[in-house]
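Heads up: the structure comes next, in structure tokens.
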Amino acid sequence: MSAAYYAQIWQTIRQIPAGKVASYGQIADLAGLPGRARLVGKALGLAPASMALPWHRVLRSNLTLAFTPGSAQALLQRSLLLAEGVTFAGQRVDKTSHWRPELADLLFRLQY
DNA sequence: TAATTGACCCTTT
DNA sequence: CAAAGGGCCAATT
């Protein structure tokens, strides 16, 4: 059953603090689905807007936006991040904004 | 049933 | 730095 994966992924994305970013692969790993970064992208696309997920805090492993540069979605994502204080170095997000959670802390919070 | 398609990633050239 | 090749897998055609 695939729906369970999505819930797990959404819960994990919800843990990303404002002003920080994480990669698709990182989310997959933290959600207990190593190697399934593509599933994370799919989960985000399926997530209802009412869920208000911090989707803009998820980007590629090289810290660039997943959307086509210049597209409406990319511009929106960029502005949302800037509004949170995330800094950019050209097309990519500054490394200092990369989320590095303590595993134990994350697992603790995911239990609820 | 088979092929294609993603809001992707990693290692090796 | 760029390209290539291989992984991944649910959903759609």
Side-chain angles (χ1 to χ4, degrees):
Chain A
M1 161 167 29
S2 57
Y5 296 161
Y6 298 141
Q8 190 74 15
I9 291 170
W10 291 329
Q11 284 299 312
T12 303
I13 291 176
R14 188 179 290 175
Q15 309 303 317
I16 309 174
K20 293 288 180 181
V21 299
S23 75
Y24 292 87
Q26 191 185 352
I27 294 299
D29 287 348
L30 293 174
L33 302 167
R36 298 189 222 180
R38 306 198 75 123
L39 203 55
V40 174
K42 176 113 24 197
L44 276 175
L46 293 179
S50 59
M51 195 148 58
L53 276 183
W55 60 271
H56 55 283
R57 308 209 262 252
V58 183
L59 33 153
R60 293 189 179 132
S61 61
N62 62 5
L63 297 186
T64 61
L65 303 191
F67 295 109
T68 308
S71 68
Q73 313 205 65
L75 293 176
L76 171 61
Q77 181 169 24
R78 187 186 178 98
S79 62
L80 284 173
L81 289 174
L82 286 173
E84 290 185 345
V86 172
T87 56
F88 282 77
Q91 284 304 304
R92 70 183 55 203
V93 163
D94 200 282
K95 267 197 287 285
T96 59
S97 298
H98 197 175
W99 183 43
R100 293 182 187 74
E102 283 297 323
L103 187 56
D105 183 52
L106 176 68
L107 291 178
F108 174 74
R109 278 183 295 162
L110 281 178
Q111 294 189 10
Y112 296 93

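In what follows, chains are A, B, ... by sequence order, proteins preceding strands, each numbered from 1.
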Self-check item: P atoms of B/dA7 and C/dG5, separation to the nearest Å
Solution: 23 Å
Quiz prompt | Heavy-atom closest pair, residues A/Thr64 and A/Arg92 | solution = CG2-CB, 3.9 Å
Quiz item: For the residue pair A/Trp55 and A/Gln73, what are the closest heavy atoms and their distance?
Solution: CH2-O, 4.4 Å
Self-check item: Hydrophobic cluster identity match, A/Leu81 and A/Trp99, side-chain contacts under 4.5 Å
Solution: no
At a cut-off of 3.5 Å, list every protein nitrogen or oxygen paired with a nitrogen or oxygen from nucleotides 5-9 of chain B, distance to 0.1 Å.
unit_1	atom_1	unit_2	atom_2	d
B/dG6	N9	A/Arg38	NH2	3.0
B/dG6	N7	A/Arg38	NH2	2.8
B/dA7	N3	A/Tyr24	OH	3.1
B/dC8	OP1	A/Arg60	NE	3.4
B/dC8	N3	A/Arg38	NH1	3.1
B/dC8	N4	A/Arg38	NH1	2.1
B/dC9	OP1	A/Tyr24	N	3.4
B/dC9	OP1	A/Gly25	N	3.4
B/dC9	OP1	A/Ser61	N	3.0
B/dC9	OP2	A/Ser61	N	3.2

Quiz item: Testing A/Leu65, A/Val86, A/Leu80 for side chain to side chain contact (heavy atoms under 4.5 Å, CB included) with A/His56, which one passes?
Solution: A/Leu80
Quiz item: So, does A/Gln11 use its side chain to make a donor-acceptor pair with the main chain of A/Ala31 at under 3.5 Å?
Solution: no
